[in-house]
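Proteins come first, then strands; the chains are lettered A, B, ... in the order of their sequence lines, and each starts at number 1.
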Amino acid sequence: MSQTPSTSPARPRIDWLPKLVVAPSFVLGFLFIYGLILWNAYFSVSASRLLPNYEFAGIEPYINLFESDRFQVASWNLAIFATLFIGGALALGLLLAVLLDQKIRQEGVLRTIYLYPMALSFIVTGTAWKWILNPGLGIEATVRGWGFESFTFDWLVDPDKAIYCVAIAGIWQSAGFVMALFLAGLRGIDDSIIKAAQVDGASLPRIYWRILIPSLRPVFFSTIMVLSHIAIKSFDLVMALTAGGPGFATDLPATYMYSMAFTRGQINLGAASATVMLAVVAAIVVPYLYSELRSTKR
Amino acid sequence: MRKFSVKPLQAAAALALGSTMLLAHAGEVEVLHWWTSGGEAKAAKALAATMQAKGDTWKDFAVAGGGGDSAMTVLKSRVVSGNPPSAAQIKGPSLQDWAKEGVLANLDDVAKADNWDANLPKAIADGLKYKGHYIAAPVNVHRVNWLWVNPEVLKKANVKAPTTWAEFFTAAEAIKKAGLIPLAHGGQSWQDFTIFEDVALGVGGADFYKKALVQLDPATLKSAKMKEVLTTFKKVKDYTDKNAPGRDWNLATAMVIRGEAGMQLMGDWAKGEFIAAGKTPGKDFECVAAPGTSKAYTYNVDSFAMFQLKNEANIKAQKNLAGAIMSPAFQELFNLNKGSIPVRLNMNLDKFDSCAKQSSKDFVETSKAGSLVPSIAHGMAVSSAAEGAIKDVVSQYWNSEKDTPEQVMDKLVSAAKAK
């Protein structure tokens with residue numbers, strides 16, 4: 001082991017030690033994240049059907065993928081679901097946080113109640129909402145039982161509206177978590193700013209709208225990051241709530257990929273859809289990440 | 001087939017496993033199946049006992065989950081890592097897919113010793129062969145084109161069990177007027193497709209069915225007959241209830257049992273639900289062929305594919321297993337528990353109920369008449385890729401109001417091309 005000359009002879013600096021410490025995680029990360037991404041990308045241009053097969057098949061799986069009605073429905077569903085889910089959870093979470101921030105009594109209890117859905121797995125959420133939204137069991141049957149015979153709420157069994165049910169269940173699950181993040185952000189803001197604004201005669205809504213919420217920008221950033229990855233990888237919620245149905249009306253790219261790769265014996269098509277998902281995520285998230293990180297550095 | 005090339009990965013894994021394999025003294029069969037519910041589990045145990053009586057060790061490899069999707073995922077990882085089980089529950093064209101991967105064993109000597117060619121209907125024997133060699137042992141036959149009827153409900157509506165689609169709609173209308181649900185249905189794509197293939201077979205006949213849905217002939221898929229099939233199929237939906245989407249088949253059967261609904265189109269596994277509810281065939285419920293299909297038979301045959309193994313003793317045990325599966329004793333015991341009928345021809349059916357006897361009689365007759373057809377809803381007819389794509393089209397047509405039959409026919413033609 002050669003030691004590099006050092007300015008302080010008493011404690012010789014060991015250059016290779018940090019590298020050595022980081023190396024295992026770097027190698028593992030490289031192998032099991034980027035290596036597997038590349039492996040998957042190769043499968044997407046291979047002739048794999050039932051079992052992995054390394055024969056090259058060109059871009060045919062991608063052509064099949066983009067011609068597939070079901071994949072188009074799945075992608076469009078993801079756009080609807082992600083917009084409603086992220087937007088809805090942000091709005092509801094922020095509203096709850098602002099209301100809880102009013103120094104009310106029993107705040108700890110309320111906070112726990114709102115945060116509780118986050119402790120449930122999406123499978124539980126999906127199953128519970130499947131019963132709540134089922135016209136024969138849940139809301140519709142209950143309201144009709146009260147005597148409102150013409151009341152109708154059958155989105156879950158309507159192929160055009162079922163995706164909104166998925167969004168409702170998703171928002172219910174995540175709004176409490178968003179609230180907790182925003183509440184922490186609000187509590188972190190210096191009191192003197194609010195006092196100064198009050199001295200200037202600003203009303204409370206105005207203080208929130210013009211001063212407090214804009215200063216939560218970093219919280220928005222991390223919340224959107226967390227919610228968008230939940231939206232894109234959503235799988236268990238759909239499986240439990242609708243299993244992709246009616247028909248394939250609530251399929252998302254993740255469920256599409258699973259059924260192609262594991263139940264239909266079309267590994268190359270599944271791999272192609274996974275690659276497309278990754279590319280879309282990269283195209284949206286990377287520029288956002290870049291702009292946010294750069295502006296905070298400045 | 002021993003001619004199949006051994007993949008390097010498998011060879012390496014086999015070497016690594018060599019030591020454990022040398023230690024295995026007697027033959028061992030490891031069997032992957034998803035018979036984990038009531039009667040099925042009993043039948044699996046019976047097979048294990050038979051094997052143990054022959055001196056072989058039975059290693060159970062049950063993966064829960066009715067459809068077997070999770071079992072297939074486990075199986076794939078085992079095969080890829082070069083450590084396949086002796087046998088796995090695989091059926092229909094998937095057998096050909098697996099054989100093409102070069103991992104299945106040749107059962108010709110067992111089949112010859114027991115004369116499978118004579119003991120099985122030709123249509124079914126052909127499905128168990130790859131390039132003329134047997135690769136799997138069949139367990140049972142399910143008839144899919146059954147209509148389960150609650151006679152109480154029909155009496156209330158003052159109608160008879162329908163034998164044609166025209167009669168079906170008359171009966172359904174009468175039941176609807178009586179304030180009950182005419183047809184119990186579960187809105188999952190395979191159940192939607194079960195109705196579709198019943199309609200296709202009833203309206204179009206066996207030749208149309210084979211041409212359109214087994215050979216996937218584009219001209220037949222886009223014909224006047226197909227249009228009639230699609231229109232009739234869509235009309236059936238008016239007689240189901242709107243809460244059907246996502247419902248499991250056994251819950252739909254329960255609606256017929258409780259008398260909330262009059263009929264259900266479902267394979268003979270539904271019989272198990274009626275019997276478990278303490279009902280007697282012919283009295284509390286009736287089984288009739290789906291409308292217009294009394295002279296035809298859609299089958300769903302379960303089978304065990306045998307994988308290539310290295311160890312001589314295990315190969316011997318595997319052959320014993322294949323022989324035991326086809327033995328009349330096992331076929332009787334298993335099918336009494338499962339609600340299906342033996343796949344082996346010329347068996348004594350004294351212990352079976354009236355529905356099973358009817359099913360068996362029709363099975364033999366249709367096999368002679370050439371109207372024995374594979375069920376697509378149950379993965380018996382076409383490759384899993386084409387099957388999935390066709391199911392998607394049919395299920396979307398059933399569920400949405402957007403497409404006309406003409407558009408659906410175009411979609412069917414392009415779905416049939418999925419490879």
Side-chain angles (χ1 to χ4, degrees), chain A residues 47-54 57 60-61 64 67-71 73-74 126-127 130-131 133-138 140-141 152 154-162 165 238-251 256 258-270, chain B residues 7 9 67-70 72-77 79-80 90 93-94 96-103 181 186-189 191-192 241-248 251 255 260 379 383-389 391-403 411 414-415 417-419:
Chain A
S48 306
R49 294 286 179 203
L50 195 63
L51 294 177
N53 176 339
Y54 295 92
E60 196 196 319
N64 291 340
E67 280 177 355
S68 152
D69 260 3
R70 186 166 165 173
F71 187 70
V73 170
T127 310
K130 182 177 165 182
W131 293 330
L133 296 169
N134 184 303
L137 287 172
E140 184 179 301
T152 305
D154 58 356
W155 287 8
L156 192 65
V157 295
D158 182 341
D160 295 330
K161 297 197 183 107
C165 290
V238 175
M239 278 308 188
L241 189 63
T242 62
F248 51 81
T250 52
D251 232 0
Y256 175 89
Y258 176 81
S259 59
M260 287 305 147
F262 296 109
T263 65
R264 288 225 184 142
Q266 292 197 311
I267 288 182
N268 57 0
L269 208 55
Chain B
K7 300 215 169 106
L9 195 62
D69 285 349
S70 36
M72 282 301 116
T73 309
V74 176
L75 179 63
K76 276 177 204 164
S77 64
V79 173
V80 168
I90 301 173
S94 303
Q96 311 295 325
D97 292 345
W98 281 98
K100 247 178 247 159
E101 302 285 348
V103 292
I181 300 163
Q188 295 170 335
S189 66
Q191 297 191 56
D192 297 342
D241 66 320
K242 84 170 183 192
N243 297 335
R247 181 188 284 146
D248 285 322
L251 298 180
M255 290 164 66
E260 290 166 20
S383 75
S384 57
E387 180 199 323
K391 268 187 190 164
D392 279 350
V393 172
V394 168
S395 198
Q396 203 191 23
Y397 174 59
W398 173 267
N399 281 297
S400 110
E401 305 300 323
K402 282 177 215 144
D403 293 337
K411 283 187 188 173
S414 65
K417 287 189 199 124
K419 277 181 289 200

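Interatomic distance, A:Gln266 CD to B:Ser383 OG, rounded to the nearest 0.5 Å: 7.5 Å. To the nearest 0.5 Å, the span separating CG on A:Asp69 from CG on B:Asp403 amounts to 8.5 Å.
Proximity to chain B (any heavy atom under 4.5 Å) is shown, for A:Ala162, by neither the backbone nor the side chain. Using a 4.5 Å cut-off between heavy atoms, A:Asn64 does not touch chain B at all. When heavy atoms are compared at a cutoff of 4.5 Å, A:Asn53 does not approach chain B at all. Contact of A:Arg264 with chain B is made through backbone and side chain together, with heavy-atom distances under 4.5 Å. Looking at B:Lys391, neither its backbone nor its side chain comes within 4.5 Å of chain A, counting heavy atoms on both sides. The contact between B:Asp97 and chain A is made by backbone and side chain atoms together, counting heavy-atom distances below 4.5 Å.
Contact count against chain A (heavy-atom pairs under 4.5 Å) is highest for B:Ser384 among B:Gly187, B:Ser384, B:Gly246, B:Ser395.
In summary, A:Glu140 and B:Lys242 engage in a salt bridge, as defined by a charged side-chain N under 4.0 Å from a carboxylate O.
Of all heavy-atom pairs between B:Asn399 and A:Pro159, the closest is O-CG, 3.0 Å. Shown here for B:Pro245 and A:Pro246, the closest heavy-atom pair between the two residues is CB-CG, 4.2 Å.
Put simply, the side chain of B:Gln396 reaches to within 4.5 Å of the side chain of A:Phe248, judged on heavy atoms.
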